[in-house]
Amino acid sequence: MLSFGRTRTQPRSNRSMSLGGMDFSDPKRKNNVVGKILLAASLTAVCIIMLKQSPTFNSPSPFSLREDGVIHVLVTGGAGYIGSHAALRLLKDGYRVTIVDNLSRGNLGAVKVLEELFPEPGRLQFIYADLGEPKTVNSIFSQNAFDAVMHFAAVAYVGESTVYPLKYYHNITSNTLVVLESMAANDVKTLIYSSTCATYGEPEKMPITEDTPQVPINPYGKAKKMAEDIILDFSKNSDMAIMILRYFNVIGSDPDGRLGEAPRPELREHGRISGACFDAARGIVAGLKVKGTDYKTHDGTCIRDYIDVTDLVDAHVKALEKATPGKVGIYNVGTGMGRSVKEFVHACKKATGVDIKVDYLPRRPGDYAEVFSDPSKINRELNWTAQYTDLQKSLQVAWRWQKSHQNGYGSPLVMAS
């Protein structure tokens, strides 16, 4: 009978034994290692067999395939204010949509709203990525069958651009180059580019046409113009279909109340006047700061062309429909009407029902006195005309969303869970 309780006076050595200058492994140890390897290999083989039997193992993602009658659009910055509204419109119109966003300015909550509205497989996917990483961007393009790109992703505050100019050149100009290179490398043939009236600077004549000289006076406008120049230079030897849309001042939100504007709190100082008005109406800030009252305008404040986001998105869809291989279209997207900041504040007070306190301060660096568009070209060539031109009504729609979303889309940490 064997005694399992017997103790060994010396521990068994696990080292190899040496005889005549040659090493021989302990055979029992070797057999143990071989057994473990065989066991691991067997388990791996079983897992592979089980996975292959799964109906989804060999099924490629619908986003990686081209499908007759389905147009797949990459929306960069699709978690942002304008980008999310564009994604909503594209999805409603039957497009397949991929959103790429690093969430530095966008909101995951907006993506979740879209996912809930369009839960069907193959309709919408979200990819968290930074356009400043060329390998990542090219990988996204190579793994997805994009038919077109709507390039919204960009930092977009004039005041902030004067404080952090390098950030703007990198984020706007450099990142657009990365997107364009990936499009060329992966044979994506249509680009709808989000540009701005800030590329015109402060023209001598109003209204602004597409032929008005581009002389930007702040880093935001300069960075956008550089990106336009890169696109135009590339287009000279390319059959890509390119549409460049130069926005004026965007306001409003989804008429059905599903999406809105929810900028980062730390960016309120640099943000749009509509957001500043709403913050003042909600008591988040003590009052509205109007910067500049000595401009050569009828009331001393800046004059701008305020375009509703619903109209802006409609212009993008029409541009996508009319994009032609080997051609470039450049269009102003505005109402053709200039409204002063004081007029805007009056409309905001009426829309919110709050007598907002207004502080008048010196000019903001990089601003210009008067900018409004001549939209006749986009009306003539794309059959587009702004429909939501009542300033107070656009602000009322946006105000309803603000009141029902006191914390925007919610905490980023909560939304990500």
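- Counting all heavy atoms, side chain and backbone alike, Thr301 lies closest to Ser340 at OG1-CB, 3.5 Å.
- Within a 6.0 Å radius of NZ in Lys322, other residues, nucleotides and ligands contribute 12 heavy atoms or fewer.
- Between the side chains of His72 and Thr98, a donor-acceptor pair is found at a separation under 3.5 Å.
- Using bins of under 30°, 30° to 60° and over 60° for the plane-to-plane angle, the ring pair His405/Trp401 lands in the parallel bin.
- Atom NZ of Lys318 sits in a crowded spot, with more than 12 heavy atoms from other residues, nucleotides or ligands closer than 6.0 Å.
- Between Tyr247 and His316, the two ring planes are perpendicular [angle over 60°; tilted spans 30° to 60°].
- Nearest heavy atom pair, residue Val371 against residue Gly201, reads CG2-O, 4.0 Å.
- Side-chain contact annotation: Arg272 with Tyr81, donor-acceptor N/O pair under 3.5 Å absent.
- Between Ser373 and Asp305, the closest heavy-atom pair is OG-OD2, 2.8 Å.
- Ring geometry for Tyr168 against Tyr220 counts as perpendicular: the plane angle is over 60°, on a 0 to 90° scale with 30° as the lower cut.
- Using cut-offs of 30° and 60° on the angle between ring planes, the pair Phe141 and Phe146 is perpendicular.
- Inspection of the Tyr164 and Asn171 side chains reveals no N or O donor paired with an N or O acceptor under 3.5 Å.
- For the 3.5 Å distance criterion, the side chains of Thr162 and Asn218 fail to qualify, holding no donor opposite an acceptor.
- Interatomic distance, CG of Leu391 versus CZ of Arg339, reported as 5.0 Å (0.5 Å rounding).
- Within 6.0 Å of NZ on Lys167 lie more than 12 heavy atoms contributed by other residues, nucleotides or ligands.
- At most 12 heavy atoms of other shown residues, nucleotides or ligands fall within 6.0 angstrom of atom CG in Asn237.
- Within a 6.0 Å radius of CD in Glu120, more than 12 heavy atoms belonging to other residues, nucleotides or ligands are found.
- Between Asp374 and Thr209, the side chains place no donor N or O within less than 3.5 Å of an acceptor N or O (distance only, hydrogens not considered).
- The 12-atom threshold is not exceeded at OH of Tyr388, counting heavy atoms of other residues, nucleotides or ligands nearer than 6.0 Å.
- Within the 3.5 Å criterion, the main-chain N or O of Pro62 finds a donor-acceptor partner in the side chain of Arg96.
- The side-chain hydrogen bond (donor to acceptor under 3.5 Å, both in side chains) check on Thr199 picks up Gln214, with sequence neighbours excluded.
- Judged purely by atom type and a 3.5 angstrom limit, Asn186 uses its side chain to pair as donor or acceptor with the backbone of Ser182.
- A donor-acceptor contact shorter than 3.5 Å links the side chain of Lys224 to the backbone of Ser194.
- Of the N and O atoms on the side chains of Asn144 and Gln125, at least one donor lies less than 3.5 Å from an acceptor on the other residue.
- Within a 6.0 Å sphere centred on NZ of Lys289, heavy atoms belonging to other residues, nucleotides or ligands number 12 at most.
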